[in-house]
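Whatever order the structure lists them in is the order used to number ligands and atoms, beginning at 1.
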Amino acid sequence: MTGLKTPQPTNRFRNNAKSVDIGNSFWKISERNGLAGIVAELDDGILRTGVGHEFVNFSCCSYLDLDSHPKVIEGAVAALRTYGVLDHCIPRSRVQIPALLELETSLGELFAADAVSAVSASVASAGLLPLIASGHVGDGIRPLMIFDKNCHVSMAQAKPLCADETEIVTCRHHDLDFIEDRCKEYARVWYICDGSDSLGGYAPVKELADLQDRYGLQVFYDDSHSVSAFGTRGIGYVRSTSPALDDRTITVTTLNKAFGTSGAAILLNGHPQETLRIIERFAGALSYSQPLNTAAVGAGLASAEIHRTDELITLQRRLQDRIALFDSRIATSQSGNTFPIRLVPMDDSEVIEAGRRVFEAGFYVSPVFFPIVARGTAGLRVMLRAGHTDRQVSELCAVLEEVGAPSATPVRPETGA
Ligand SMILES: *Cc1c(COP(=O)(O)O)cnc(C)c1O
């Protein structure tokens with residue numbers, strides 16, 4: 001039929017036509033070169049494909065290898081035996097088994113906060129941010145929400161949801177002047193950003209705390225990349241650095257990276273019980289979708305216990321040793337920071353072939369290149385873990401040098417934290 005209407009998108013905060021077009025060419029090239037769509041079994045730290053190719057994964061975010069820790073595995077099994085049910089399907093606000101509450105109490109004690117669990121950090125942010133937008137988490141005043149330009153997609157995807165509730169704006173990366181200017185204009189301002197960026201930068205937590213003191217600025221951090229790997233008892237960068245640990249700060253973290261289990265935690269301080277109930281009842285999927293299942297809860301309880309022992313300190317040190325070893329061999333702009341991710345710079349035209357050769361030599365690192373990152377910032381992304389051996393790291397560095405990675409100069413200048 002002719003004359004039928006086709007809706008026009010507004011694309012104010014998202015644009016699938018653009019992102020699929022841009023992103024899919026990246027994935028197609030990666031897969032064609034055997035660097036995506038890999039299927040492999042994990043056995044004692046080595047991955048093996050169906051055709052018998054063995055490789056060590058240097059692209060996994062379980063930085064402390066707690067995901068395969070015997071106590072974590074045992075915790076999952078033990079909880080299933082204790083509670084005798086994987087997931088008793090009913091919203092937790094109506095009926096819940098005590099397992100989830102046990103985990104939230106444990107995480108709350110561990111991180112000195114009220115902890116609310118979710119099946120993932122993405123679900124937590126997508127549920128919580130619209131409640132912040134409407135003033136229901138906060139003091140009832142509708143805020144201006146400032147999203148950091150580089151904030152993780154799990155937060156950026158909530159923009160259209162928040163924009164239906166309040167005014168939102170995107171600012172340049174950590175633009176403190178912009179944030180301060182908006183604080184002078186609006187009764188209430190929330191700033192949404194990552195606590196630790198996936199390429200090693202940290203949020204200006206102290207400077208933001210100063211704005212929190214002076215203007216009552218509220219900050220929503222996603223500290224998924226540093227929790228467990230960083231700080232006393234794995235408390236992460238934001239909560240080890242910020243003095244503003246009251247109702248002006250909310251931290252979301254995945255439990256699926258260095259913490260080594262499944263799910264996520266929302267960490268809040270100083271909010272009334274009523275607000276916690278509102279979150280449980282109205283924070284999107286937290287209210288209508290499945291909670292963490294019993295196996296994930298049991299694993300979480302076991303990982304939280306490990307966080308209370310010296311073993312965590314040992315694992316954090318091992319991780320830092322691996323990072324230092326890598327930095328002593330390969331020059332990256334992340335060199336010297338405490339963060340486990342390194343981007344080994346390569347030309348756009350060479351990065352796929354380099355990734356392929358590194359994979360053939362028995363190591364998986366993820367190539368990133370235009371159009372997924374800006375031209376001129378392509379490279380091989382390397383993630384180090386406590387469970388890598390010195391030998392694995394050294395051999396990887398040797399292969400990286402062979403494919404053109406810049407070697408570190410023998411005596412490195414002081415680069416700071
Ligand atoms: C990995 C990551 C996530 C995703 O966490 P899920 O719990 O898997 O949703 C969210 N935010 C940041 C900053 C991350 O690095």
Side-chain angles (χ1 to χ4, degrees), residues 57-64 66-67 72 100 103-104 107 111 115-129 132 147-159 161-162 170 173-174 191-205 208 219-231 234-239 241 249-267 279 283-286 289-293 295-297 299-300 303-304 319 334 337-343 366 368 372-373 381-385:
N57 195 354
F58 274 91
S59 197
C60 164
C61 298
S62 182
Y63 304 124
L64 303 178
L66 288 172
D67 59 335
V72 170
L100 208 54
L103 177 64
E104 288 171 340
L107 292 174
F111 296 136
V116 181
S117 63
V119 290
S120 71
S122 308
V123 158
S125 292
L128 204 51
L129 288 167
I132 287 174
F147 284 78
D148 192 89
K149 178 173 178 287
N150 294 4
C151 76
H152 189 263
V153 58
S154 57
M155 293 167 277
Q157 65 159 353
K159 285 181 193 179
L161 305 176
C162 295
T170 303
H173 191 41
H174 296 155
Y191 173 52
I192 321 299
C193 70
D194 293 31
S196 36
D197 298 343
S198 64
L199 275 178
Y202 289 110
V205 173
L208 287 166
V219 186
F220 181 100
Y221 290 109
D222 178 340
D223 211 13
S224 290
H225 264 300
S226 83
V227 162
S228 301
F230 189 98
I235 197 168
Y237 183 78
V238 168
R239 295 179 69 86
T241 316
T249 302
I250 291 181
T251 312
V252 163
T253 180
T254 187
L255 300 177
N256 189 231
K257 292 201 164 104
F259 193 82
T261 68
S262 301
I266 301 166
L267 303 173
I279 291 173
L286 261 68
S289 181
Q290 59 191 293
L292 273 187
N293 69 46
V297 170
S303 178
L319 174 62
Q334 293 80 37
N337 77 26
T338 54
F339 205 71
I341 305 184
R342 299 289 182 264
L343 182 71
S366 24
V368 292
I372 219 90
V373 295
R381 195 155 53 191
V382 178
M383 303 184 189
L384 296 147
R385 287 184 280 127

Donor-acceptor pair between S125 and S154 side chains, under 3.5 angstrom: no
Under 3.5 Å, side chain of S226 to main-chain N/O of S196, donor-acceptor pair present? no
Consider every N or O of D194 and every N or O of ligand 1, then say whether any pair is closer than 3.5 Å. no
Which heavy atom of the protein is the closest neighbour of atom 8 (O) of ligand 1, given with residue, atom name and distance? T254 OG1, 4.0 Å
Angle between ring planes, F230 versus Y202, binned at 30° and 60°: parallel, tilted or perpendicular? tilted
Nearest non-hydrogen partners of A304 and F259, listed with the distance: N-CZ, 3.8 Å
Just need the protein heavy atom nearest to atom 15 (O) of ligand 1, so name the residue and atom and give the distance. K257 NZ, 2.6 Å
Mark up the atoms of ligand 1 that fall under 4.0 Å of a heavy atom belonging to S154, in ascending order. 10 (C), 11 (N)
Going from CZ on R385 to SG on C60, what distance comes out if it is rounded to the nearest 0.5 angstrom? 4.5 Å
D222 neighbourhood, listing ligand 1 atoms whose heavy-atom distance to it stays under 4.0 Å: 10 (C), 11 (N), 12 (C), 13 (C)
Say whether, by atom type as modelled, one donor and one acceptor occur between the side chain of N256 and the main chain of T261 under 3.5 angstrom. yes
Can you check which of S262, S122, G263, S125 brings a heavy atom nearest to atom 4 (C) of ligand 1? S122
If the cut-off is 4.0 Å to any non-hydrogen atom of A121, which atoms of ligand 1 fall inside it? 5 (O), 6 (P), 7 (O), 9 (O), 10 (C)
